[in-house]
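A quick note: this is a predicted structure, and the numbers were derived from the prediction, not measured.
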Amino acid sequence: MDKAKITSAQFAILMYMYILGEAAIVQPHTIANIAGSDEWFTMILSIFVQLGFGWLYMKLSFKYPDETIIEYSQRILGKGAGWVLGFIYLLFFIILVAYILRVISGFLGSVILPRSPLDIIGLVFMIPVVYGVFLGLGVIGRATEILLPIAVFVFIVSSIMLVPKIDVDNLLPVFPDGIMPSIKGLYSIIGFPTMDVVVVLMLVRFIVDKKKTRKYFYITSAAAPFTLVIIALYTISVLGIEETIRAPYVVYDLAKEIRIERIFERVEALVGIIWISTTFVKITLSFYAVTIAAVQLFKLTSYKYAIIPFLFLTLPMSKWIVNNPAELEYYLGYVYPIFAFFPSFLFPVLLLVIGALKNKKQKSSGEEGRGQPEKTKSPSAE
């Protein structure tokens with residue numbers, strides 16, 4: 001088990017980068033296909049949904065603050081059923097790592113390294129991920145503290161440079177088909193990235209100053225979707241709805257619009273660093289969750305023994321999970337929300353309810369035991 005610890009501030013930064021992840025790369029295009037030019041309103045609604053899931057995860061995590069979900073599921077359900085549930089979470093995190101790797105490999109292979117095989121791109125991207133997991137959560141947290149200011153700076157500068165390109169007419173009319181398309185768009189974004197935040201249930205036990213964790217996490221849970229609101233407004237107002245629907249990686253096309261005469265142009269690769277860094281954080285935390293889950297399920301002496309085997313498992317899986325961008329869009333928009341519903345919502349709710357019922361039963365049993373009068377020996381018995 002990793003003995004490293006992180007602070008609540010580092011945890012909040014990690015989760016901000018994690019929630020953005022590669023969602024900023026693929027979600028504007030996916031949501032635009034459903035909600036049209038009102039996708040920004042879908043992103044606003046997602047803030048409240050994200051806060052709701054955040055409350056659920058914090059509630060469950062602080063019931064058992066010194067354990068991961070792999071550990072306390074066995075306490076709540078018993079060793080057998082708890083182990084099976086933990087194994088389901090292990091599989092979920094493995095599939096999540098493979099999916100994230102497929103998204104970022106497809107992004108890099110399509111727009112930056114078009115002649116490079118996806119296998120090689122995925123392997124090269126996983127090298128720093130594996131190294132980060134090997135060094136431990138503490139190092140990952142400190143690295144993210146360095147990455148965040150760089151990403152925020154590039155995001156702010158690029159946003160300012162795109163202001164002259166904004167055409168407010170592209171946002172009109174508002175709700176031409178009513179509010180239902182925006183609500184339907186929530187289906188996709190609830191699955192990804194909202195439900196992916198279940199990784200929190202593997203990380204809270206490693207936080208030092210847990211008193212601040214809830215507050216910082218709720219701020220993060222609102223800030224990350226709000227960033228997606230800004231991205232959605234920019235993509236629609238600058239590129240228009242037709243271009244947003246057409247382009248699978250619309251944020252990259254958005255960055256191509258940054259031009260200052262002939263002095264400052266073709267900065268899309270530089271802006272891409274933002275989303276590469278957020279995806280790096282997301283896949284690193286997810287891969288870390290895989291190794292910790294493996295240690296706790298199979299009683300390994302060190303999580304480092306699980307790194308290489310799971311690396312060679314996730315690399316081919318990333319190629320099998322989806323074959324092309326069309327399948328990726330379908331998987332993201334329709335399949336993944338159903339797949340993530342069970343480990344990300346249903347199981348945590350069941351654990352919370354069953355745990356509360358068991359605690360209530362234990363308390364009532366204890367009170368009954370204390371309420372019974374003590375049996376005294378009769379003189380004849382002596």
Side-chain angles (χ1 to χ4, degrees), residues 1-8 10-12 14-15 18 53-97 133-141 195-214 217 284-307 309-310 313 340-363:
M1 180 69 70
D2 187 8
K3 296 181 180 180
K5 299 291 184 179
I6 56 174
T7 65
S8 292
Q10 289 174 332
F11 173 73
L14 282 168
M15 295 318 301
Y18 182 92
F53 275 88
W55 177 87
L56 171 64
Y57 297 148
M58 286 293 103
K59 186 76 173 177
L60 183 56
S61 295
F62 277 87
K63 286 278 186 181
Y64 313 93
D66 298 319
E67 296 177 325
T68 69
I69 191 170
I70 307 299
E71 294 170 309
Y72 56 72
S73 60
Q74 296 184 36
R75 178 195 292 191
I76 296 171
L77 303 177
K79 285 191 175 181
W83 192 94
V84 171
L85 185 63
F87 188 72
I88 291 173
Y89 275 100
L90 174 62
L91 294 178
F92 173 74
F93 289 128
I94 291 172
I95 294 171
L96 180 59
V97 170
V133 173
F134 181 83
L135 293 176
L137 186 60
V139 174
I140 298 170
M195 288 186 180
D196 294 345
V197 185
V198 71
V199 76
V200 164
L201 303 179
M202 296 292 296
L203 300 178
V204 169
R205 67 157 291 176
F206 299 103
I207 300 174
V208 180
D209 50 339
K210 291 186 174 66
K211 291 182 179 179
K212 303 176 183 177
T213 303
R214 290 175 187 264
F217 181 64
T284 302
L285 283 182
S286 300
F287 196 74
Y288 181 79
V290 169
T291 59
I292 295 299
V295 167
Q296 295 177 341
L297 285 171
F298 302 112
K299 308 302 180 184
L300 303 178
T301 55
S302 174
Y303 77 97
K304 295 178 181 179
Y305 296 143
I307 293 176
F310 282 112
L313 177 62
F341 171 79
F342 295 95
S344 299
F345 179 73
L346 183 62
F347 295 159
V349 169
L350 289 176
L351 287 174
L352 198 61
V353 172
I354 295 172
L357 291 175
K358 287 187 72 172
N359 289 337
K360 186 176 180 180
K361 185 177 180 181
Q362 289 172 358
K363 286 181 180 178

Under 3.5 Å, side-chain donor or acceptor atoms of residues 343-350 against the rest of the protein: list the pairs with distances, not counting sequence neighbours.
residue	atom	partner	partner atom	Å
S344	OG	M195	O	2.8
S344	OG	A340	O	3.1

Next item on the list: Taking atom CZ of F62 as the centre, report whether more than 12 heavy atoms of other residues, nucleotides or ligands fall under 6.0 Å from it.
Entry: yes
Next item on the list: Taking the side chain as every heavy atom from C-beta outward, state whether Y57 and V204 have any atom pair closer than 4.5 Å.
Entry: no
Note to self: My understanding is that only residues two or more places apart in sequence, or in another chain, count here; which of them pass ring pair (Phe, Tyr, Trp, His ring centres under 6.0 Å) with Y64?
What the structure shows: Y72
Next item on the list: Step by step, work out the side chain to side chain contact (heavy atoms under 4.5 Å, CB included) result for V197 and F53.
Entry: CA-CA 8 Å; V197 185; F53 275 88; over 6 Å; no
Checklist line | Partner residues of Y18 under the ring pair (Phe, Tyr, Trp, His ring centres under 6.0 Å) criterion, sequence neighbours left out | finding: none
Checklist line | Check: L352 main-chain N/O paired with K63 side-chain donor or acceptor under 3.5 Å | finding: no
Next item on the list: Locate the shortest heavy-atom distance separating R75 from E67; write the atom from each residue and the value.
Entry: NH2-OE2, 3.0 Å
Note to self: If you count heavy atoms of other groups shown closer than 6.0 angstrom to NZ of K5, is the number above 12?
What the structure shows: yes
Check: Residues in ring pair (Phe, Tyr, Trp, His ring centres under 6.0 Å) with F87, at least two apart?
Finding: W83
Item checked: Distance (rounded to the nearest 0.5 Å) between L203 CG and T213 OG1 -> 11.0 Å
Note to self: Atom CZ of residue position F298 - does it have more than 12 heavy atoms of other residues, nucleotides or ligands inside 6.0 Å?
What the structure shows: yes
Notebook entry, point to check: In Å and rounded to the nearest 0.5 Å, what is the NZ to CD1 distance from K361 to I354?
Noted result: 12.5 Å
Note to self: If you compare all heavy atoms of S73 against all heavy atoms of G82, which two are closest, and at what distance to 0.1 Å?
What the structure shows: OG-O, 3.3 Å
Check: Between M15 and V199, what is the shortest heavy-atom contact and its length?
Finding: CE-CG1, 4.0 Å
Next item on the list: Grab the two heavy atoms, one from S8 and one from I207, that are nearest each other, plus how far apart they are.
Entry: OG-CG2, 3.6 Å
Notebook entry, point to check: Is there a side-chain contact between V198 and F92 (heavy atoms, below 4.5 Å)?
Noted result: yes
Checklist line | More than 12 heavy atoms of other groups within 6.0 Å of F342 CZ | finding: no
Notebook entry, point to check: Atom CZ in F206, atom CG in D66: separation rounded to 0.5 Å?
Noted result: 11.0 Å
Note to self: My understanding is that only residues two or more places apart in sequence, or in another chain, count here; which of them pass salt bridge (charged side-chain N to carboxylate O under 4.0 Å, His left out) with R214?
What the structure shows: none
Margin query: Ring centres under 6.0 Å, that's the criterion: do F217 and F11 meet it?
Written below: yes
Checklist line | Closest contact, heavy atoms only, G138 versus I6 | finding: CA-CG2, 4.1 Å
Item checked: Crowding at NZ, K304 (>12 non-hydrogen neighbours, <6.0 Å) -> yes
Notebook entry, point to check: What is the minimum heavy-atom distance between F287 and I307, and which atoms define it?
Noted result: CZ-O, 3.4 Å
Check: How many angstroms lie between CD in Q296 and OG1 in T291, if you round to the nearest 0.5 Å?
Finding: 9.5 Å
Next item on the list: Check each of L90, I292, V84 against L297 using the side chain to side chain contact (heavy atoms under 4.5 Å, CB included) test, and report the only one that passes.
Entry: L90
Notebook entry, point to check: Quick one: are M202 and L137 in side-chain contact, heavy atoms under 4.5 Å?
Noted result: no
Next item on the list: State which residues pass side-chain contact (heavy atoms from CB on, under 4.5 Å) with A12; sequence neighbours excluded, sorted by chain then number.
Entry: Y216, T220
Item checked: Beyond-backbone contact of I140 with L135, side-chain heavy atoms, under 4.5 angstrom -> no
Note to self: Quick check against the 3.5 Å criterion: does E71 have a side-chain atom that pairs as donor or acceptor with the backbone of T68?
What the structure shows: yes
Note to self: Pairing donors with acceptors under 3.5 angstrom, does anything connect the side chains of D209 and T7?
What the structure shows: no
